[in-house]
Number of protein chains: 2
Amino acid sequence: MHHEKSRHLSPSLLRLRQAGYKLTEARVVVLNAIEQLGGHVTSAQVLERVSALAPNIGRASVFRTLDLLTRLGIVRPTYIDSSATPRYVLMRDGHHHHIICTSCNKTIEFEDCGLDAIAKTLEERLNVKLTGHLLEFFGVCATCQASIPLHKEERNNP
Amino acid sequence: MHHEKSRHLSPSLLRLRQAGYKLTEARVVVLNAIEQLGGHVTSAQVLERVSALAPNIGRASVFRTLDLLTRLGIVRPTYIDSSATPRYVLMRDGHHHHIICTSCNKTIEFEDCGLDAIAKTLEERLNVKLTGHLLEFFGVCATCQASIPLHKEERNNP
DNA sequence: CGTTTATTGATACTTCGTATTAAATTTTGT
DNA sequence: ACAAAATTTAATACGAAGTATCAATAAACG
């Protein structure tokens with residue numbers, strides 16, 4: 001990272017710098033990896049991609065960076081399928097919204113959440129300062145509604 | 001669990017039965033443990049409480065039950081502080097809303113979310129059937145705003 | 001009450017994430 | 001541009017969280 005000009009930094013990297021953290025190779029590469037993988041990634045996937053991009057970067061640095069990114073609200077760990085390792089989603093501009101199909105675990109992202117009003121209300125009522133949010137809906141996607149039920153709760157004729 | 005009448009079951013237990021699962025001791029005790037602990041619990045806390053309530057119940061059953069409850073939308077694992085083990089929240093009537101303070105990791109629950117409208121819109125637009133949601137806001141609580149900054153991002157005068 | 005079938009409990013095991021510390025790299029002041 | 005100061009890193013060994021396995025058990029339902 002040789003004296004790169006700040007106008008060329010991604011929003012996430014800017015965030016890191018503005019929060020007072022150094023822009024090290026490990027951090028830049030981890031963020032690249034997540035962005036290349038497109039979000040909703042496990043730590044294992046990040047580890048794999050990182051060591052493909054820069055084999056010298058160690059395990060610990062990857063985990064440390066994921067922690068740091070989480071604390072800064074740049075990514076957010078979330079459970080897509082139960083009891084698996086968490087998946088990190090990119091919080092673009094502090095927020096993220098998706099639907100998880102409880103039948104096939106597919107995720108569908110969407111943009112509009114209409115949460116500004118309630119955020120404002122909460123800030124006033126509770127005297128908090130809100131910087132982001134994660135909204136997850138659970139349900140059954142179109143495909144799964146149409147297909148033969150795979151889950152116990154839906155098969156009632158043995 | 002000897003032939004208990006269904007009218008005495010908690011909503012969660014009813015949910016389990018209606019989904020076709022047996023009401024075993026392990027499942028009943030795990031749910032009791034979570035309710036006694038009041039939600040936002042780690043698996044370690046559940047394990048501890050369960051073995052206090054019923055020492056015969058094994059590790060694996062507790063984890064299996066947490067998985068099952070998650071799949072049924074009765075609880076939802078969520079990350080309060082980064083890189084810690086997840087915390088399970090009770091999804092009362094399919095939904096849960098809270099604010100997480102990114103400074104002290106305290107959580108504040110709230111009730112009104114005003115998400116019915118967008119849920120309906122999504123159901124129509126994407127042809128999905130939604131059964132619940134989790135809404136998390138991130139920010140800084142009143143106490144932390146008033147206190148001396150503990151986090152790097154806030155200390156700019158060394 | 002007895003049959004069927006899902007579920008359990010015990011343990012050993014795998015895997016994920018962490019602590020530690022000397023070495024390296026970025027930043028900052030000049 | 002350079003050197004000093006401070007933060008961050010890589011490597012490895014370690015600990016804890018969650019899982020697979022399978023014989024034994026208990027729930028449901030007639």
Side-chain angles (χ1 to χ4, degrees), chain A residues 1-6 9 13 16-31 41-48 50-51 54-71 77 79 81-88 151-153 155-156 158, chain B residues 1-6 9 13-14 16-31 41-48 50-51 53-72 77 79 81-88 151-153 155-158:
Chain A
M1 301 304 102
H2 258 301
H3 281 242
E4 218 175 321
K5 288 298 190 302
S6 60
L9 300 179
L13 288 175
L16 266 180
R17 265 249 310 234
Q18 284 168 350
Y21 292 92
K22 298 183 176 177
L23 298 190
T24 65
E25 190 194 5
R27 290 169 180 167
V28 173
V29 172
V30 167
L31 265 170
V41 290
T42 62
S43 57
Q45 290 175 303
V46 176
L47 279 168
E48 189 185 12
V50 164
S51 83
N56 54 306
I57 294 173
R59 285 176 69 71
S61 290
V62 173
F63 283 107
R64 267 186 306 237
T65 302
L66 287 173
D67 280 6
L68 178 58
L69 297 178
T70 301
R71 269 183 283 120
Y79 274 94
D81 38 38
S82 67
S83 85
T85 200
R87 288 171 177 274
Y88 292 85
H151 284 359
K152 182 168 194 164
E153 31 180 348
R155 53 174 154 86
N156 281 329
Chain B
M1 302 303 102
H2 259 300
H3 280 241
E4 219 175 324
K5 288 298 191 304
S6 60
L9 300 179
L13 289 176
L14 252 175
L16 268 179
R17 264 246 314 230
Q18 284 168 350
Y21 293 93
K22 297 184 176 178
L23 298 190
T24 66
E25 191 195 4
R27 287 169 182 168
V28 173
V29 172
V30 167
L31 265 170
V41 290
T42 61
S43 57
Q45 291 175 300
V46 176
L47 279 168
E48 191 185 12
V50 164
S51 82
L53 293 172
N56 55 305
I57 293 173
R59 286 176 70 71
S61 290
V62 173
F63 283 107
R64 269 186 303 232
T65 302
L66 287 173
D67 281 6
L68 178 58
L69 296 177
T70 301
R71 269 183 283 122
L72 291 177
Y79 281 93
D81 35 36
S82 67
S83 84
T85 198
R87 289 173 176 274
Y88 292 85
H151 283 1
K152 182 164 193 165
E153 30 179 349
R155 56 173 153 87
N156 281 330
N157 27 0

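Each chain gets a letter, A, B and so on, in the order the sequences are listed, and its residues count up from 1.
In this structure, B:R17 places its CZ atom 13 Å from P of D:dA27, rounding to the nearest Å. Between the CG atom of B:D67 and the C1' atom of D:dA17 there is a distance of 13 Å, rounded to whole Å. Computed from coordinates, the B:Y79 OH to C:dG17 C1' distance equals 11 Å when rounded to whole Å. C:dC16 atom C1' lies 15 Å from atom CD of A:E48, rounded to whole Å. Distance, A:L68 CG to C:dT18 P: 13 Å, rounded to whole Å. We find that CZ of A:F63 is positioned 14 Å from C1' of C:dA19, with the value rounded to whole Å.
Contact record, B:T85 with B:Y79: C-CE2, 4.5 Å, taken as the closest heavy-atom pair. Shown here for A:I57 and A:A26, the closest heavy-atom pair between the two residues is CD1-CA, 3.7 Å. B:N56 and B:E25 get closest at one heavy-atom pair: ND2-OE1, 3.4 Å.
Applying the side chain to side chain donor-acceptor pair (under 3.5 Å) criterion to A:R87, with sequence neighbours excluded, gives no partner residue.
Defining each end axis of the helix from C:dC1-D:dG30 to C:dT30-D:dA1 as the rotation carrying four pairs' C1' atoms onto the next four, with five pairs an end, the two axes are found to diverge by 70° to 10 degrees.
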Check against side-chain contact (heavy atoms from CB on, under 4.5 Å), A:L68 and A:L16: CA-CA 9 Å; A:L68 178 58; A:L16 266 180; 3.8 Å; yes
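Around CD of B:E48, the count of heavy atoms belonging to other residues, nucleotides or ligands within 6.0 Å does not exceed 12.
Distances shorter than 4.0 Å separate some side-chain N or O of B:T85 from OP1 or OP2 on D:dG18. Side-chain N/O atoms of A:S43 include none lying less than 4.0 angstrom from OP1 or OP2 on C:dT15.
Between B:T65 and B:V50 the shortest side-chain heavy-atom distance does not fall below 4.5 Å. Between B:Y88 and B:V46, the closest side-chain pair of non-hydrogen atoms is not below 4.5 Å.
Closest approach to the A:K22 side chain among C:dT18, D:dT8, D:dA28 is made by D:dT8 (side chain taken as heavy atoms from C-beta onward).
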Protein-nucleotides 8-10 of chain C N/O pairs under 3.5 Å:
| from | atom 1 | to | atom 2 | distance (Å) |
| --- | --- | --- | --- | --- |
| C:dT8 | OP1 | B:T24 | OG1 | 2.7 |
| C:dG9 | OP2 | B:G58 | N | 3.4 |
| C:dG9 | OP2 | B:S61 | OG | 2.7 |
| C:dG9 | N7 | B:R64 | NH2 | 2.9 |
| C:dG9 | O6 | B:R64 | NH1 | 3.3 |
| C:dA10 | OP2 | B:N56 | O | 3.3 |

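With hydrogens and angles disregarded, no donor-acceptor distance shorter than 3.5 Å links the side chain of A:R59 to the backbone of A:L47.
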